[in-house]
Protein chains: 2
Amino acid sequence: MKNKLPPPTVKRLSLYLRAFEGLDHRGVTHISSKGLSEILEIPDTQIRKGLSFIGKTGRRGKGYPVRDLIQRIREILGLKSYIPIILVGVGNLGTALLASKLMKQRGFRIVGAFDVDVSKIGKKFCDVRIQDDSKIPEFVKEYGIKLAILTTPGEAAQHTAEILVSAGISGILNFTPENLSVPPYVKVHNVDFTIEMEFLNYLVNSEDLE
Amino acid sequence: MKNKLPPPTVKRLSLYLRAFEGLDHRGVTHISSKGLSEILEIPDTQIRKGLSFIGKTGRRGKGYPVRDLIQRIREILGLKSYIPIILVGVGNLGTALLASKLMKQRGFRIVGAFDVDVSKIGKKFCDVRIQDDSKIPEFVKEYGIKLAILTTPGEAAQHTAEILVSAGISGILNFTPENLSVPPYVKVHNVDFTIEMEFLNYLVNSEDLE
DNA sequence: TAGATTGTTAATCGATTAACAATC
DNA sequence: TAGATTGTTAATCGATTAACAATC
């Protein structure tokens, strides 16, 4: 996995994977870049380029073998049928993610949930017992967890991130609006609805005045 | 608003805005691109370039006036202190967004919530009464709503999007994994946690094998 | 074989970064 | 004025798109 893929390509591979899974489910065995292009509204040339990064995966004249590509992309993205993750901060959003079927469908299983609110600790949501933050290091080590979802309030974010880092977490999906400061070997990926909403608002407004 | 800004710049303007607001709150009146660069871990040259798109907003030798920039960026992004939006699909995620203080803090007010589940209709969450989807067109027209959050199950997404479009909605923040098909004058912006999670997983895995 | 479609090279486009003259 | 920092131009980088020979 030395040759790093362009980040936009990585995100599109996730999209292709979903499409291929859908096609496989419907019994389609091969699809051309043109066909996939029509489904996803992505240029066929971009699809071919992206798929060529992961090897010669297609067959000229025939298209791409759906089953094989599912395997190959999953491999490239490091996906396994079961990827254990933890979630810290069981507020409204945390609870929603805990209950989300989407994460589970994609193989991400929230096996531990943590909060500092004593009124929540010990309770169970969606089969996951909520534990105190102080239990994070032990849990992460015991289950070999690499990834964490951070859904605490902003004020607790940096402090909690530090707990995660020292517990040995390698990647944080950060739903808080805070800029986390972590060592370079820990990857943080920010998800901020409000920025997406502001972006959409801009799109809509700038369109108006064209 | 003719000169379209580069999309990555638009997203960063949202980030700058948050930083400026924080600085203003702490009584800081001016900040240099270098100073902001350290706070946000974004190259100073990128900050200057981005801010130059929205006019000559800084003062050489002194930096950028925080208050003025807040005004200017809000104007460019089309932000108002109150932007009414609706939410369709009051499941776990929908409820979490309804309860989210973050959206409210950024000026986005969910003034209407819709679902098809009769057991939910008529109930109130966070001061918002849940109505049947059939009430969308009337509501959108009455309150002049432009933006909608779509948090229905995937199977209902396309159908619901069509209701939104015919109701006159101009922008949809799509939290479903579906590829919505809408007329070109309607903007859709997709938010997909699972793709972000897969991206993070890739980052962590490809780092391992470097 | 003929037709379809990949895989790849080269061209283009767009965004980031470097550098520095302008100027507060 | 001298020092700091912007605003902008040019260089670089990286991703997208076009084009087409290779080949199934």
Side-chain angles (χ1 to χ4, degrees), chain A residues 2-16 19-20 23 28-73 76 195 199 202-203 206, chain B residues 2-16 19-20 23 28-73 76 195 199 202-203 206:
Chain A
K2 187 63 250 296
N3 279 11
K4 280 235 191 65
L5 300 172
T9 297
V10 175
K11 289 209 176 183
R12 279 196 301 268
L13 284 178
S14 280
L15 246 26
Y16 303 161
F20 284 133
L23 289 163
V28 178
T29 63
H30 289 77
I31 185 142
S32 67
S33 54
K34 184 119 186 301
L36 192 58
S37 161
E38 274 152 24
I39 296 170
L40 295 174
E41 298 177 273
I42 286 177
D44 58 335
T45 176
Q46 193 174 68
I47 291 170
R48 286 203 298 285
K49 183 73 168 175
L51 292 177
S52 79
F53 283 128
I54 66 173
K56 295 182 188 176
T57 49
R59 187 131 151 250
R60 289 168 207 245
K62 189 113 191 273
Y64 295 90
V66 171
R67 282 270 170 91
D68 292 0
L69 262 292
I70 291 174
Q71 290 306 321
R72 189 82 187 101
I73 296 176
I76 294 288
I195 287 182
F199 184 75
Y202 171 81
L203 289 182
S206 62
Chain B
K2 187 62 253 296
N3 279 11
K4 282 235 192 66
L5 300 172
T9 298
V10 175
K11 289 209 175 181
R12 280 196 300 269
L13 284 177
S14 281
L15 245 26
Y16 304 161
F20 284 135
L23 290 163
V28 178
T29 64
H30 289 77
I31 184 140
S32 66
S33 53
K34 183 117 186 304
L36 191 57
S37 161
E38 275 153 23
I39 296 171
L40 296 174
E41 299 178 272
I42 285 176
D44 57 337
T45 177
Q46 193 175 68
I47 291 171
R48 287 204 297 286
K49 183 73 168 176
L51 292 176
S52 79
F53 282 127
I54 66 171
K56 295 182 187 177
T57 49
R59 186 131 151 251
R60 287 168 208 246
K62 189 114 192 274
Y64 296 89
V66 172
R67 282 269 171 90
D68 291 1
L69 262 292
I70 291 174
Q71 291 304 323
R72 190 83 187 99
I73 296 175
I76 294 288
I195 288 182
F199 184 75
Y202 171 81
L203 289 181
S206 61

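Naming: A, B, ... by sequence-line order, numbering from 1 per chain.
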Under 4.0 Å between a side-chain N/O of B/Y64 and OP1 or OP2 of D/dA4, yes or no? no
To the nearest 0.5 angstrom, please state how far the OG atom of B/S33 sits from the CD1 atom of B/I47. 6.5 Å
dist A/Q71:CD -> A/L69:CG (nearest 0.5 Å) comes out at 10.0 Å
In whole angstroms, how far is the P atom of C/dT17 from the CZ atom of B/F53? 13 Å
Every stem of 3 or more Watson-Crick or G-U pairs under 3.5 Å that DNA chain D joins, in order of first number, is C:3-24 with D:3-24
In whole angstrom, what separates B/K49's NZ from C/dT17's P? 12 Å
Could you state the CG-C1' distance from A/L69 to C/dG7, rounded to the nearest angstrom? 14 Å
Separation between CD1 of A/I39 and CG of A/L23, rounded to the nearest 0.5 Å: 4.5 Å
Interatomic distance, B/L51 CG vs D/dT5 C1' [rounded to whole Å]: 13 Å
Side-chain N or O of B/K56 closer than 4.0 Å to phosphate OP1/OP2 of D/dT8: yes
If you measure only the distance, is there a donor-acceptor pair under 3.5 Å linking the side chains of A/T57 and A/R72? no
Expressed as a whole number of angstroms, how long is the span from A/I47:CD1 to D/dT16:C1'? 13 Å
To the closest 0.5 Å, what do you measure between CG (B/L51) and OH (B/Y16)? 6.0 Å
Strictly under 4.0 angstrom, non-hydrogen atoms only: write out the protein contact profile of nucleotides 19-24 of chain D, one letter per nucleotide from the 5' end, B, S or -. B-BBBB
Give me the atom names and distance for the closest heavy-atom approach of B/G58 to B/P65. CA-CD, 4.3 Å
With sequence neighbours left out, write down each residue that passes side-chain contact (heavy atoms from CB on, under 4.5 Å) with A/P6, or none if nothing qualifies. A/P8, A/T9, A/F53
Going by number, which of residues 31-39 of chain A have a non-hydrogen atom under 4.0 Å from DNA chain C? A/S32, A/S33
Could you list, one pair per line, each protein nitrogen or oxygen that sits under 3.5 Å from a nitrogen or oxygen of nucleotides 12-15 of chain D, together with the distance?
none

To the nearest 0.5 angstrom, please state how far the CG atom of A/L36 sits from the CD atom of A/Q46. 11.0 Å
Report the residues that fulfil side-chain hydrogen bond (donor to acceptor under 3.5 Å, both in side chains) with B/S32, sequence neighbours left out, ordered by chain and then residue number. none
Shortest non-hydrogen contact between A/I42 and A/R12, atoms and distance: CD1-CD, 3.8 Å
Let me see the working for A/L13 and B/Y202 under side-chain contact (heavy atoms from CB on, under 4.5 Å), right down to the final yes or no. CA-CA 11 Å; A/L13 284 178; B/Y202 171 81; over 6 Å; no
Rounded off to whole Å, could you give me the NE2-to-P distance for the B/H30 and D/dA4 pair? 17 Å
Once rounded to the nearest 0.5 Å, what's the spacing between atom CD1 of B/I76 and atom OG of A/S206? 10.5 Å
